[in-house]
Amino acid sequence: MAVDIGGTKTALAIAAPPPEANGAYLARRRFPTPATGRETLDTLLAITRELAADHAVAGIGVSFGGQVRTDRPPHLKSLVVPGWEILDLRAEFARAFGGAPTLIANDGEAAAHGEYVSMPAGARRDTLAYITVSTGVGGAFLLNGRPHRGRHGLAAEVGHIPVRPGGRCPCGGTGHLEAYASGPAIAQAAEARLTNARSSLHDVIRERGSLTAKDIDQAARHGDAFATMILGEAGTLVGRAAALIGLLLDPDAIIIGGGVAQAGDAFWHPLHTAARLDALHPTEILPARLGPDSALRGALELARMAATELPPK
Ligand SMILES: [Zn+2]
């Protein structure tokens, strides 16, 4: 069973164990993430019980949109949805599903697993860095297909790499990548600087009162110079972070996914330029193949690992 808990949406799916089903789901559901961790978990348990009623659950994989600490509690912490700190997700799933083992990873790592297993066998890269640019900015390292989580489980917290002094980050720090490149940060930058700019985004503001990163991408795709500049600044900083990862890890590829990565050339061109400019050697940079589905696909891979590598509780 695969679960993808996001800040705005939560998805879940069940699949037969491999080799019968190679990533094909038997059933799949999605719901808007409720306001607290407790409500989200209760909704999840109700739906998963219904979905799994006719199946024995062998393993559960969870992609969590937040920090997953491996060293000490609280193991789960979301900057968007409060209340996960006091919950024991693993124990509650084990109780609900006959002791089935659960593996939890942050959404960056889950997406990296999803991208890794969906690469064509001949084109698989052994050492991967993954950057997710979405409501937040995160990441993961896969070394020979296995996650490198670090001493605290906080390796590859790409969103909190200092990139430019100033901007306030949701973590409380300043100047971090997430303060400039997350979807909300891009929207905020556009809103703050729109007043004196010539841009079609004025129409969106008049209509709706605020902007999203998607609005800015749409405007940029129609040739709006202001929107192109705003997206380009975010792309440049993500490219710099990618160059830094290239220098530190020299991976076979860096995959960039998440909602913001669905943006067009206005984001990607400056990203590639910055990544090349700051690098000693070119690192292959690829857009995520599965788009928004990579975390759920990765959660299924975590479920497979849980079923085959962990003892039942
Ligand atoms: Zn930060």
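Counting convention: from 1, in listed order, for ligands and their atoms alike.
Ordered by chain and number, His160 ND1, Cys169 SG, Cys171 SG, His176 ND1 make up the set of protein N, O or S atoms under 2.8 Å of the Zn ion (ligand 1).
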**Request:** For side-chain contact (heavy atoms from CB on, under 4.5 Å), just list the numbers for Glu301 and Tyr116, CA-CA rounded to whole Å, side-chain angles, deciding distance to a tenth of an Å, and then say yes or no.
**Result:** CA-CA 10 Å; Glu301 176 61 10; Tyr116 182 77; over 6 Å; no
**Message:** Please determine whether salt bridge (charged side-chain N to carboxylate O under 4.0 Å, His left out) holds for the pair Glu178 and Arg168, giving the CA-CA distance in whole Å, both sets of side-chain angles, and the decisive distance to 0.1 Å.
**Reply:** CA-CA 9 Å; Glu178 185 165 315; Arg168 187 153 281 284; over 6 Å; no
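Annotation for Gln188: atom CD does not count as buried by contact number, only 12 or fewer foreign heavy atoms lying within 6.0 Å. Residue-environment remark: CZ (Arg38) exceeds the threshold of 12 foreign heavy atoms within 6.0 Å.
The shortest side-chain heavy-atom distance between Ile254 and Leu286 does not fall under the 4.5 Å cut-off.
The only member of Val133, Ile256, Asp265, Leu237 that meets side-chain contact (heavy atoms from CB on, under 4.5 Å) when paired with Leu271 is Ile256.
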